[in-house]
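Have a look at the structure below before the remarks.
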Amino acid sequence: MVDVAVVSFAQAPNVRRDYDRNEVEILSPVLIDVRNKVGLEKSDIDFVCSGSSDYLAGMPFSFVGGLDGYGAWPPISESHVEMDGAWALYEAWVKLLTGEIETALVYAFGKSSLADDITAVLTLQQDPYLVAPLWPDAVSLAALQARAVLDSTGHTAEEMAAVAVRDRANAKGNPNAQVSGDFSVEAIMAEPYVVSPLHKSDCPPISDGACAVILAAGDRARDLVEHPAWIRGIDHRVEPHQLGVRDLTVSESTRIAAEKASASGAFDVAELHAPFTHQSLILEDALDLGPDVTINPSGGALAANPIMVAGLTRIGEAAQRILDASAGRALAHATSGACLQQNMVCVLEGS
Amino acid sequence: MAERVAIVGCGQTKHDTKRDELSMHGLVREAATRALDDANMGWADIDAVVIGKAPDTFEGVMMPELFLADSLAAAGKPLIRVHTAGSVGGSTAMVAANLVKAGVHERVLTVAFEKQSESNAMWALAPVIPFAPPLVAGAGGYFAPYIRAYIQRSGAPDDIGIRVALKDTNNGLLNPYAHKQMKVTYEEVRDSIMLWDPVRFLETCPSSDGAAAMVMTSEAHASSGSAPPAWIHAMAWRSEPTMLAHQDKVNPRAGRDCAADVYAQAGISDPRREIDVAEVYVPFSWFEPKWIENLGFAPEGEGWKLTEDGATAIDGDIPWNPSGGVICSNPIGASGMLRFMEAAMQVRGQCGEHQIDGAGTALGHAYGGGSQFFAMWIVRNEKP
């Protein structure tokens, strides 16, 4: 079995709307930064894989612009998933396991501000025959799930608000965070609903962003950095799409992925891709995280939620804490689709 | 350390202008159930699902793999969605194969589709990009100047495109799944309307609804299919930028590099002699001579001679696209997988009337974008 590690992570500052730069201009400095951190030239990268969505850019082949920004000359070995960049990392991890390559660069970009209403764009992820014609927006679908959580799990609205307080306080230490500060449960509970039972602070910000990760195998990783963040387990699972045929209050796919990724025992940190506060509660239950785990030291998706990017950012943020030796074992989670339809769990270790 | 990968199940839809009796769910299930039946497997036997398709704007849906999870029985399993432009069908097959090759899964279902009747692909491919001149309306307008450049550079007779279209269209009559089912004559192709000079109506691909699916397994399950397995001997992909001042858009370096990579992996030094049949992505007839040269089947400037001499005919010494190819069926996201799968079907002996006798080594090829994305594999009827 090939050992694969994250050896470098870089990201763009997450902002509500980058007026001055298009996606490629946001991404390009990140692609250079992630290589410079470990002193790799483009010619040292054996495989490139990316994640993005045409529906954010509102045009076909938007990923081609990202590749042009990378500068694919001479021609490169390259692939793309129409998914969060976390799944591009998974594809690169699989390719590293085949033993054909030693290094891979993974990137993701998304400029949600281009849409007039990103929550309506996300409606187009719904089944076009039975659900999308009803035009449920992303916040309403999340609210449906939140209401089910409050009605049947024993979790409370105050617990949801406390997630936002925790994440945004953590985000004060993250220079790339978009929303950070000292919030209070009382103040959040007093906010008007966006869609009941979700207050504004239960919802993620709309973010423009990009990030990149470099993976390396075995001795190549040891040569590049002092503390490689070894991927000890990674798995992802999907759930039924029709909301009526699954239990929205639990995350069975996260539980299976965690089991397959051997995500048990103690963790120093966990980065959870939970765009809405109640989703963090669902994930913490599914992952059975103990009280000693620092959850979302970066602030998570409630501090910045660049769509197609935020999942890969979770893996990068978790890995960064091992790279800088502030953590020994970390869990990272990524999600895709409405109401946590698809989930990935990644276990990273420093030794 | 890498596992051998076998293709044990192949299935495709009947490709047509409008499969309006089927939803997208129904379309992918038609191909997937045929692949599972061919593999003698059920949904529960599958460990993971890999879906590919071209831009989501073709159907007006965002990330349709999320709702197709239900129709492909993916709940509780890993699901991956690949999108690499026109080469996506090939790339998707490779992503699925790598899951087996890496030892992550034993049995993987891969499906590629396009339901182009949901929209108009030509206009879906004609985005208005801020600060960029709106130069193209669809792929034909984009590629016609490069075809003209090929004709001028090679000195090819100007009826080579007609001959390719004649061959591929009539081959389609031997393939019951092909969209176009029409007997054409040289004169009918020649006299068909000029769409994008020098590309005539009958020299271009149709717009199709269709899907392709394969079941790939590790060696332990390789004998489960209804026909002997096809074994993957080589896979490669290459990408290059859209526009670069010194790149050759007629004979792209990414294509040459990709071909050199798969030939090296498969131990092939003379593709024309060592490959028995090729399924190559030829959406406009003139791409056959272009790709003959790009893939090293003939020296540069001489690819058209293979077409003219009938070498690429179904009874020639190196048949290209006996299935009728993209000229007969073009559900864009599936077109690359159809090439990869037809190559596998040839070495499995599953091609019926368009079977090449004794096919032991086959090339599957896909390309996309502005001739900048390439995916290829070599399959054989013998183990690597």
Side-chain angles (χ1 to χ4, degrees), chain A residues 1-2 22 48 53-55 58-61 63-65 67-68 71-83 87 90-91 93-100 121-129 131-132 235-242 245-246 252-253 256-257 336-338 341-342, chain B residues 1-2 23-25 49 53-70 74-85 91 94-95 98-99 101-104 124-125 127-130 236-244 247 252-254 257-258 369 372-374:
Chain A
M1 189 83 167
V2 180
N22 66 21
V48 175
S53 166
D54 283 350
Y55 263 83
M59 59 173 279
F61 300 125
F63 70 90
V64 179
L67 186 69
D68 284 350
W73 191 266
I76 60 171
S77 173
E78 183 266 344
S79 184
H80 171 262
V81 294
E82 194 82 353
M83 307 177 84
W87 277 265
Y90 183 85
E91 184 184 328
W93 172 77
V94 170
K95 195 158 168 67
L96 280 153
L97 288 193
T98 66
E100 295 167 1
V121 171
L122 291 171
T123 302
L124 297 172
Q125 289 182 335
Q126 296 301 307
D127 182 298
Y129 306 99
V131 183
D235 193 87
H236 62 99
R237 302 280 150 167
V238 71
E239 303 203 22
H241 180 73
Q242 296 293 340
V245 300
R246 64 182 168 109
E252 178 65 6
S253 55
I256 301 171
S336 175
Q341 189 192 343
Q342 192 170 18
Chain B
M1 75 190 68
S23 63
M24 279 176 257
H25 296 284
V49 180
K53 73 177 290 297
D56 292 356
T57 45
F58 285 177
E59 287 83 5
V61 291
M62 181 180 183
M63 301 161 72
E65 67 280 3
L66 292 167
F67 65 80
L68 293 174
D70 294 13
K77 300 173 186 175
L79 173 71
I80 298 173
R81 157 72 194 287
V82 183
H83 173 22
T84 63
S91 306
M94 288 170 58
V95 171
N98 275 337
L99 287 170
K101 187 174 183 179
V104 176
L125 286 175
V128 179
I129 302 169
W237 43 32
R238 287 292 185 285
S239 308
E240 67 178 52
T242 312
M243 290 183 191
L244 195 63
Q247 81 191 131
R253 179 168 165 190
D257 289 0
C258 192
Q372 66 192 117
F373 299 104
F374 293 84

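The basis for the numbers below is simple: all heavy atoms, side chains too, and nothing from hydrogens, waters or symmetry mates. Convention: sequence-line order gives letters A, B, ...; per-chain numbering from 1. Worth saying up front: this structure is predicted, and the values here are computed from it rather than measured.
- Taking A/Asn22, A/Leu124, A/Thr123, A/Val48 one by one and counting their heavy-atom pairs under 4.5 Å with chain B, the maximum is reached by A/Leu124.
- Proximity to chain A is limited to the side chain of B/Ala69, based on heavy atoms less than 4.5 angstrom apart.
- Contact of A/Val131 with chain B is not made at all, since no heavy-atom distance falls under 4.5 Å.
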| request: Given side chain to side chain contact (heavy atoms under 4.5 Å, CB included), test B/His83 with A/Phe61 step by step and report yes or no. | output: CA-CA 9 Å; B/His83 173 22; A/Phe61 300 125; 3.9 Å; yes
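- For A/Gln342, the part sitting under 4.5 Å from any heavy atom of chain B is the side chain, from C-beta outward, and nothing else.
- For chain A, the nearby part of B/Leu244 is the side chain; its heavy atoms alone come within less than 4.5 Å.
- Only the side chain of B/Asp257 comes within contact range of chain A, with heavy atoms under 4.5 Å apart.
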| task | Start with the C-alpha distance between A/Trp73 and B/Glu240, add both sets of side-chain angles, then the distance that settles side chain to side chain contact (heavy atoms under 4.5 Å, CB included), and finish with yes or no. | result | CA-CA 6 Å; A/Trp73 191 266; B/Glu240 67 178 52; 3.6 Å; yes
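- Of all the listed residues (B/Leu79, B/Thr57, B/Val82, B/Ile80), the one sharing the greatest number of non-hydrogen pairs under 4.5 Å with chain A is B/Leu79.
- In this structure, chain A has heavy atoms under 4.5 Å from both the backbone and the side chain of B/Val61.
- Only the side chain of A/Phe63 comes within less than 4.5 Å of a heavy atom in chain B; its backbone stays farther off.
- Here the CG-CD distance, from B/Asp56 to A/Glu82, works out to 5.0 Å after rounding to the nearest 0.5 Å.
- Annotation: side chain of B/Val95 is not in contact with side chain of A/Tyr90 (no heavy-atom distance under 4.5 Å).
- For the atom pair CE of B/Met62 and CD of A/Gln126, the computed distance is 11.0 Å after rounding to the nearest 0.5 Å.
- Between B/Pro241 and A/Asp68, the shortest heavy-atom distance links the atoms CA-OD1, 3.3 Å.
- Using a 4.5 Å cut-off between heavy atoms, B/Pro78 contacts chain A through both its backbone and its side chain.
- Between A/Val94 and B/Ala102, the shortest heavy-atom distance links the atoms O-CB, 3.4 Å.
- Among B/Ser239, B/Pro55, B/Ala254, B/Ala75, the residue making the largest number of heavy-atom pairs under 4.5 Å with chain A is B/Ser239.
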| said: Would A/Leu67 and B/Phe373 count as a side chain to side chain contact (heavy atoms under 4.5 Å, CB included) here? Give the steps. | reply: CA-CA 11 Å; A/Leu67 186 69; B/Phe373 299 104; 3.4 Å; yes
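- A donor-acceptor pair shorter than 3.5 Å cannot be found between the side chains of A/Thr98 and B/Asn98.
- When each of A/Glu252, A/Met83, A/Gln242 is scored by its heavy-atom pairs under 4.5 Å with chain B, the top score falls to A/Met83.
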| CA sep, side-chain torsions, deciding dist, call: A/Tyr55, B/Met63, side chain to side chain contact (heavy atoms under 4.5 Å, CB included) | CA-CA 9 Å; A/Tyr55 263 83; B/Met63 301 161 72; over 6 Å; no
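- Residue B/Met94: no heavy atom, backbone or side chain, is found under 4.5 Å from chain A.
- Looking at A/Asp127, the atoms closer than 4.5 Å to chain B (heavy atoms on both sides) sit in the backbone and in the side chain alike.
- If you measure heavy-atom distances from A/Glu100 to chain B, the contacts under 4.5 Å come from the side chain alone.
- Put simply, OG on A/Ser336 and CD on B/Glu65 are 6.5 Å apart, with the number rounded to the nearest 0.5 Å.
- Residue A/Ile76 touches chain B through both its backbone and its side chain, counting heavy-atom pairs closer than 4.5 Å.
- When each of A/Gly337, A/Pro128, A/Ser53 is checked for heavy-atom pairs under 4.5 Å with chain B, A/Pro128 comes out on top.
- When every heavy atom of A/Gln341 is checked against every heavy atom of B/Leu66, the shortest pair comes out as NE2-O, 2.8 Å.
- Proximity to chain B is limited to the side chain of A/Glu91, based on heavy atoms less than 4.5 angstrom apart.
- Top candidate by heavy-atom pairs under 4.5 Å with chain B, chosen from A/Trp93, A/Tyr129, A/Trp87, is A/Tyr129.
- Between chain B and the residues A/Asp54, A/Val81, A/Val238, the largest count of heavy-atom pairs under 4.5 Å involves A/Val238.
- Shown here for B/Arg238 and A/Pro75, the closest heavy-atom pair between the two residues is CD-O, 4.1 Å.
- Within the model, atoms CZ of B/Arg81 and NE2 of A/His80 stand 8.5 Å from one another, a figure rounded to the nearest 0.5 Å.
- Contact annotation for A/Ser77: both backbone and side-chain heavy atoms come within less than 4.5 Å of a heavy atom of chain B.
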